[in-house]
Colleague: 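Dropping a structure here in structure tokens format, bear with me for questions.
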Amino acid sequence: LRIPADAKPGIYPFHVLCKSGLSNPRLLRIDRLPQAAEQEKGPASDSFAGGQQIAVPCGITGSLTAADQDYYRFEAAAGQRLVFDVEAVRLGFPIRAVLTLFDASGRELASVQRPTPDIGPDVRLDYRFARSGTYAIRVSERTYQGGPMCGYYLRIGELPYATRMCPLGGLRGSNVSVALDRPGAAQPILH
């Protein structure tokens with residue numbers, strides 16, 4: 001697929017046309033983030049110590065087989081705020097992702113195991129780092145199910161997202177000024 005340089009970020013459906021006809025729709029994430037792919041290197045890569053080294057910000061394409069856990073190691077600075085956002089169900093994959101953040105000693109710092117309300121069944125973790133150092137984020141499936149159709153796209157970076165909008169309504173035929181907020185924002189994202 002050739003993605004135009006001016007394509008707007010988002011999730012887009014596409015079909016493949018061949019001699020047999022038109023395929024079912026598939027979904028593709030177009031992103032501004034640098035891209036990486038999971039590098040499965042056997043059981044050792046499914047551990048904190050063997051986690052794949054990545055540079056943030058980035059978008060990572062991965063998949064989960066049965067009982068699989070994918071670790072990604074990265075550097076963060078003191079005071080840096082990173083958002084970890086898994087897109088799986090939003091891309092048509094049947095997994096219920098879990099995100100767990102670890103420090104360099106392997107101690108768990110934060111975990112999101114239940115769906116994030118504003119993004120449906122997928123999960124998002126928003127974290128501000130107290131100290132500079134090496135950290136790891138783990139992607140796993142809540143029930144440790146997996147298979148060939150259990151893909152995910154993990155976005156990591158200082159990603160904006162809205163958790164609140166005000167006002168929630170407006171008069172038909174009028175212009176309404178809307179403010180979108182996110183946790184910890186000093187000012188609205190958009191007004």
Side-chain angles (χ1 to χ4, degrees), residues 1-41 45-46 51-52 54-72 74 82-100 111-126 137-165 168-170 172 176 178 180-182 189-190:
L1 297 174
R2 180 171 172 77
I3 301 170
D6 61 348
K8 293 184 180 179
I11 298 173
Y12 294 91
F14 72 94
H15 296 269
V16 175
L17 180 61
C18 60
K19 290 185 222 176
S20 305
L22 194 62
S23 73
N24 291 337
R26 299 302 301 171
L27 298 173
L28 177 70
R29 162 50 104 161
I30 305 293
D31 211 340
R32 288 189 176 111
L33 297 173
Q35 299 294 293
E38 171 194 8
Q39 297 171 3
E40 190 68 55
K41 296 179 181 173
S45 65
D46 292 344
Q52 179 178 334
I54 58 167
V56 295
C58 68
I60 305 164
T61 299
S63 64
L64 294 170
T65 57
D68 195 8
Q69 301 180 79
D70 294 341
Y71 286 82
Y72 301 99
F74 60 93
L82 290 176
V83 174
F84 306 84
D85 189 349
V86 171
E87 295 175 346
V89 176
R90 288 175 281 176
L91 290 172
F93 295 103
I95 66 170
R96 301 295 185 255
V98 173
L99 285 174
T100 309
S111 182
V112 179
Q113 300 181 17
R114 297 287 178 221
T116 303
D118 60 329
I119 58 175
D122 289 331
V123 292
R124 178 187 299 133
L125 175 63
D126 189 330
I137 189 77
R138 178 180 70 197
V139 181
S140 58
E141 211 278 335
R142 191 178 327 147
T143 58
Y144 292 97
Q145 302 296 310
M149 291 304 295
C150 291
Y152 65 85
Y153 184 73
L154 173 62
R155 302 180 77 227
I156 304 173
E158 296 176 11
L159 309 172
Y161 65 92
T163 57
R164 187 175 58 159
M165 181 177 82
L168 297 177
R172 182 171 62 177
V176 178
V178 175
L180 301 173
D181 290 322
R182 72 162 197 267
I189 295 173
L190 171 70

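Numbering of residues begins at 1 and proceeds along the displayed sequence.
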Colleague: Using a distance-only test with no angle check, is there a side-chain donor-acceptor pair under 3.5 angstrom linking Tyr144 and Asp68?
Modeller: no
Colleague: Please answer whether the main-chain N or O of Leu22 pairs with a side-chain N or O of His15 as donor and acceptor at a distance below 3.5 Å.
Modeller: no
Colleague: When you compare the side chain of Asp70 with that of Tyr152, does any pair of heavy atoms fall below 4.5 Å?
Modeller: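 Touching, per the 4.5 Å side-chain cut-off.
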Colleague: Run Arg138 and Tyr71 through side chain to side chain donor-acceptor pair (under 3.5 Å) and show every step you take.
Modeller: CA-CA 4 Å; Arg138 178 180 70 197; Tyr71 286 82; 3.1 Å; yes
Colleague: Are the side chain of Ser63 and the backbone N or O of Gly151 linked by a donor-acceptor pair below 3.5 Å?
Modeller: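 No: the side chain of Ser63 does not pair with the backbone of Gly151.
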Colleague: Looking at Phe84, is Arg155 sitting on its ring face, NZ or CZ under 6.0 Å from the six-membered ring centre and within 45 degrees of the normal?
Modeller: no
Colleague: Under a 4.5 Å cut-off applied to non-hydrogen side-chain atoms, are Ile11 and Glu87 in contact?
Modeller: yes
Colleague: Where is the tightest heavy-atom contact between Pro57 and Leu33, given as atom of each residue plus distance?
Modeller: CB-CD2, 3.7 Å
Colleague: Tell me the closest heavy-atom pair linking Ala97 and Val123, and the distance in Å.
Modeller: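 Shortest heavy-atom contact: O-CG1, 3.5 Å.
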Colleague: Just so I know, are the side chains of Arg124 and Val86 near enough to count as touching, which here means a heavy-atom distance under 4.5 Å?
Modeller: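 Side-chain contact under 4.5 Å: no.
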Colleague: Taking all heavy atoms of Val89 and all of Asp122, pick out the closest pair and write down the distance.
Modeller: N-OD1, 2.9 Å
Colleague: Given 3.5 Å as the limit, does a donor-acceptor pair link the side chain of Glu141 with the main chain of Arg96, or not?
Modeller: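 A pair under 3.5 Å: yes.
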Colleague: Could you tell me whether the side chain of Leu154 reaches within less than 4.5 Å of the side chain of Leu99, counting heavy atoms only?
Modeller: yes
Colleague: Quick one: does Arg142's side chain get under 4.5 Å of Pro115's, heavy atoms only?
Modeller: yes
Colleague: Taking Ser140's backbone N and O only, do any of them form a donor-acceptor pair with Gln69's side chain (distance below 3.5 Å, no angle check)?
Modeller: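 Side chain of Gln69 to backbone of Ser140, a donor-acceptor pair under 3.5 Å: no, none is there.
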Colleague: From Tyr72 OH over to Ile60 CD1, what is the distance, rounded to the nearest 0.5 angstrom?
Modeller: 5.5 Å
Colleague: Please name the pair of heavy atoms, one in Gln113 and one in Val98, separated by the smallest distance, quoted to 0.1 Å.
Modeller: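 Heavy atoms only, the tightest pair is CG-CG1, 3.7 Å.
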Colleague: How many angstroms lie between OH in Tyr153 and CG in Leu27, if you round to the nearest 0.5 Å?
Modeller: 14.0 Å
Colleague: Mind listing the closest non-hydrogen atom pair of Val176 and Gly170 along with its distance?
Modeller: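 The pair with the smallest heavy-atom distance is CG2-CA, 3.7 Å.
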Colleague: For Tyr12 and Lys8, indicate whether the former's side chain and the latter's backbone hold a donor-acceptor pair under 3.5 Å.
Modeller: yes
Colleague: Determine yes or no for a side-chain-to-main-chain donor-acceptor pair under 3.5 angstrom, with Glu38 supplying the side chain and Leu64 the backbone.
Modeller: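 No, because the side chain of Glu38 does not come within donor-acceptor range (under 3.5 Å) of the backbone of Leu64.
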Colleague: Decide whether a cation-pi geometry holds between Arg2 and Phe14; the criteria are a distance under 6.0 Å from NZ or CZ to the six-membered ring centre and an angle within 45° of the ring axis.
Modeller: no
Colleague: In this structure, which one of Asp85, Ile54, Leu125, Val83 forms a side chain to side chain contact (heavy atoms under 4.5 Å, CB included) with Ile156?
Modeller: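 When side chain to side chain contact (heavy atoms under 4.5 Å, CB included) is applied between Ile156 and each of Asp85, Ile54, Leu125, Val83, only Ile54 qualifies.
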